[in-house]
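These notes are about the structure you will find just below.
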Amino acid sequence: MEKYSQFRDRGSGISPFIPSSTPRSAFSTLVHGALFCFRIPFFLSYSFFFFLVLDHLPSFLIPQVARKLLLWTLLGIPGIWWVDLQLDGVKRGSLSQQPLSRFPGNAGRSIIAAQFTSPIDALYLAAIFDPIFTISFPGTRKVQRVSLLRAILLALSPPMLSPPSPNNLTTLRALVEKNPHRVIAVFPEMSTTNGKGILPFSPSLVSAPVDAHIFPVSMRYTPPDITTPVPGAYLSFLWNLLSRPTHLIRVRIAEGVTNDSAAETNGDSLADSPADTADGEGDVDGTRLTPEERAVLDKIAEALARLARNKRVGLTLRDKAAFVEAWNKGRK
């Protein structure tokens, strides 16, 4: 992979865009192939039925508990049964002794800032928290509300270097005000990695209201080959997902962070002078991020890096777009 060395982070040497792979013997490939052939008709038929029919039914026909059970069934088909859930700073085995406010959804207004590595990220969050999903963009504090299916497909989509029409955008503050009892899910890295580094954040998190708790959430997979740092890898993702007997998810949740900068800006009022975004790719809504806003983003990013046991990297969405172009050329 030396030809992709320019896409390593200069400070840490981490390559967050190289797909993960696990060696297999000829015998294991045959066994995994048989398992894949057995599972894929169940997985595809159940997925189509859920997202085309069940997902559009009103809540009085499918209450939240039933919806979560349906999603866990979808996760169970590829063998995602084992989830190692831990709270940051809490000893193993003492989760039941923690206050409910340590979990998203029980702390009043809650926002999840999730690491983004795989389509399973959104599916797992939906099965646990049933959140409202959003897409973040570089250069703007605003987000776009999307469905669960769109959030899943985002993990297999090319990085979006610019936001869509402003008519389709809103702020986290507005979403929380309209849905005070729902968890809001944000992927601040904006695009997927292989889980080995944390990309620079979108400034969208600083539009959260001051009374909302922002929970950094890390999800790591064993084996790691169901991460999708390269867009369009539908077939390889399905193969890696359905051909293994089981998958383990390690989930780590940090203590909630409040957006202290919102005490002055409320996520809407902006500064006057232009400067760079959090990822260094231009202005943020034509204005400068305040030192308080940068401090909030840094605090959440550091917490997410600590949970994921990796480091923050300086590679941006433009670097990923260049990597994807080089990767696709190298595969031809």
Side-chain angles (χ1 to χ4, degrees), residues 20 22 32 35 39 42-43 46-47 50 64-107 110-133 148-149 151-152 154-155 182-187 189 192-196 198 213-228 237-238 240-256 303-310:
S20 300
T22 305
H32 292 171
L35 187 58
R39 280 176 170 169
F42 294 100
F43 182 78
Y46 190 92
S47 298
F50 178 85
Q64 186 183 72
V65 174
R67 175 181 167 84
K68 289 183 177 182
L69 288 175
L70 291 169
L71 288 169
W72 271 112
T73 303
L74 183 57
L75 285 169
I77 293 174
I80 303 178
W81 295 109
W82 301 103
V83 178
D84 177 18
L85 174 63
Q86 289 292 314
L87 298 180
D88 186 35
V90 175
K91 291 183 179 180
R92 187 179 297 273
S94 60
L95 281 180
S96 59
Q97 303 172 13
Q98 302 306 309
L100 292 178
S101 59
R102 283 298 310 270
F103 293 88
N106 296 320
S110 301
I111 296 172
I112 290 175
Q115 186 181 12
F116 200 19
T117 61
S118 170
I120 303 300
D121 296 342
L123 198 58
Y124 173 78
L125 292 176
I128 296 297
F129 303 108
D130 190 27
I132 295 172
F133 288 98
L148 169 59
L149 180 60
I152 292 172
L154 179 66
R182 293 284 303 277
V183 177
I184 311 297
V186 181
F187 297 108
E189 295 174 279
T192 52
T193 67
N194 56 16
K196 296 180 180 178
I198 302 297
H213 290 77
I214 305 172
F215 293 88
V217 176
S218 167
M219 290 164 283
R220 295 187 299 148
Y221 301 94
T222 303
D225 50 10
I226 59 172
T227 59
T228 55
F237 168 71
L238 287 175
N240 292 326
L241 179 67
L242 300 175
S243 63
R244 293 190 175 276
T246 187
H247 301 270
L248 170 66
I249 309 179
R250 290 181 172 88
V251 182
R252 300 293 182 267
I253 303 176
E255 193 169 358
L304 199 55
R306 183 181 68 254
L307 294 178
R309 298 182 180 180
N310 55 31

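The residues of the chain are indexed from 1 along the displayed sequence. Just the heavy atoms: all of them, side chains too, but no hydrogens, waters or symmetry mates, feed the values below.
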Inset, instruction - With sequence neighbours excluded, tell me which residues meet side-chain contact (heavy atoms from CB on, under 4.5 Å) with Ala122. - result: Phe133, Leu148, Ala151, Ile152, Phe187
Inset, instruction - Heavy atoms only: give me the nearest Pro223-His247 pair and the separation to one decimal. - result: CD-ND1, 4.1 Å
Legend entry - Distance in Å, Trp82 CH2 paired with Leu248 CG, rounded so as to fall on 0.5 Å steps: 9.5 Å
Legend entry - Which atom of Pro119 lies closest to which atom of Thr228, heavy atoms considered: CD-OG1, 3.4 Å
Inset, instruction - Could you go through the side chain to side chain contact (heavy atoms under 4.5 Å, CB included) check for Phe43 and Leu238 one step at a time? - result: CA-CA 10 Å; Phe43 182 78; Leu238 287 175; 3.8 Å; yes
Legend entry - For Trp72, side-chain contact (heavy atoms from CB on, under 4.5 Å) partners two or more places apart: Leu75, Val83, Tyr124, Ala127, Ile128
Legend entry - Within residues 66-77 or reaching into it, pairs that qualify as salt bridge (charged side-chain N to carboxylate O under 4.0 Å, His left out) - sequence neighbours excluded: Asp55-Arg67, Arg67-Asp130
Inset, instruction - Start with the C-alpha gap between Asp84 and Arg252, add the side-chain angles, then the distance that decides, and say whether side chain to side chain contact (heavy atoms under 4.5 Å, CB included) holds. - result: CA-CA 8 Å; Asp84 177 18; Arg252 300 293 182 267; 3.0 Å; yes
Inset, instruction - List for me each residue that meets side-chain contact (heavy atoms from CB on, under 4.5 Å) alongside Leu149, sequence neighbours excluded, and say none if there are none. - result: Phe51, Ser147, Leu153
Inset, instruction - List the atom of Asn240, the atom of Asp225, and the distance in Å for their closest heavy-atom pair. - result: ND2-O, 3.0 Å
Inset, instruction - Rounded to the nearest 0.5 Å, what's the gap from CE on Met219 to CG on Leu125? Could you check? - result: 4.0 Å
Inset, instruction - Taking all heavy atoms of Ala254 and all of Arg306, pick out the closest pair and write down the distance. - result: CB-NH2, 4.4 Å
Inset, instruction - Give, for atom CZ of Arg250 and atom OG1 of Thr222, the distance between the pair rounded to the nearest 0.5 Å. - result: 4.0 Å
Inset, instruction - Give every residue pair that meets the salt bridge (charged side-chain N to carboxylate O under 4.0 Å, His left out) criterion with at least one member in residues 110-121, sequence neighbours excluded. - result: none
Legend entry - All salt bridge (Lys or Arg N to Asp or Glu O under 4.0 Å) counterparts of Arg39, not counting sequence neighbours: none
Legend entry - Separation of Ile80 CD1 from Ile120 CD1 (nearest 0.5 Å): 4.0 Å
Legend entry - Nearest heavy-atom neighbours spanning Leu304 and Ala113: CD1-O, 3.9 Å
Legend entry - Test item: His213 side-chain N/O and Pro104 main-chain N/O as donor-acceptor pair under 3.5 Å: no
Inset, instruction - Return the minimal non-hydrogen interatomic distance between Asn310 and Lys196, and the atom names on each side. - result: CB-O, 3.4 Å
Inset, instruction - Can you measure from OG1 (Thr22) to CD1 (Ile226) and round to the nearest 0.5 angstrom? - result: 10.0 Å
Inset, instruction - Run the numbers on Thr227 and Thr192 for side chain to side chain contact (heavy atoms under 4.5 Å, CB included), then give the verdict. - result: CA-CA 8 Å; Thr227 59; Thr192 52; over 6 Å; no
Inset, instruction - Nearest 0.5 Å please: distance from the OG atom of Ser101 over to the CD atom of Glu255. - result: 8.0 Å
Legend entry - Student check: side-chain heavy atoms of Pro78 and Leu242 closer than 4.5 Å: yes
Inset, instruction - Go through the steps for Ile253 and Leu85 under the test side chain to side chain contact (heavy atoms under 4.5 Å, CB included), then give the verdict. - result: CA-CA 8 Å; Ile253 303 176; Leu85 174 63; 3.8 Å; yes
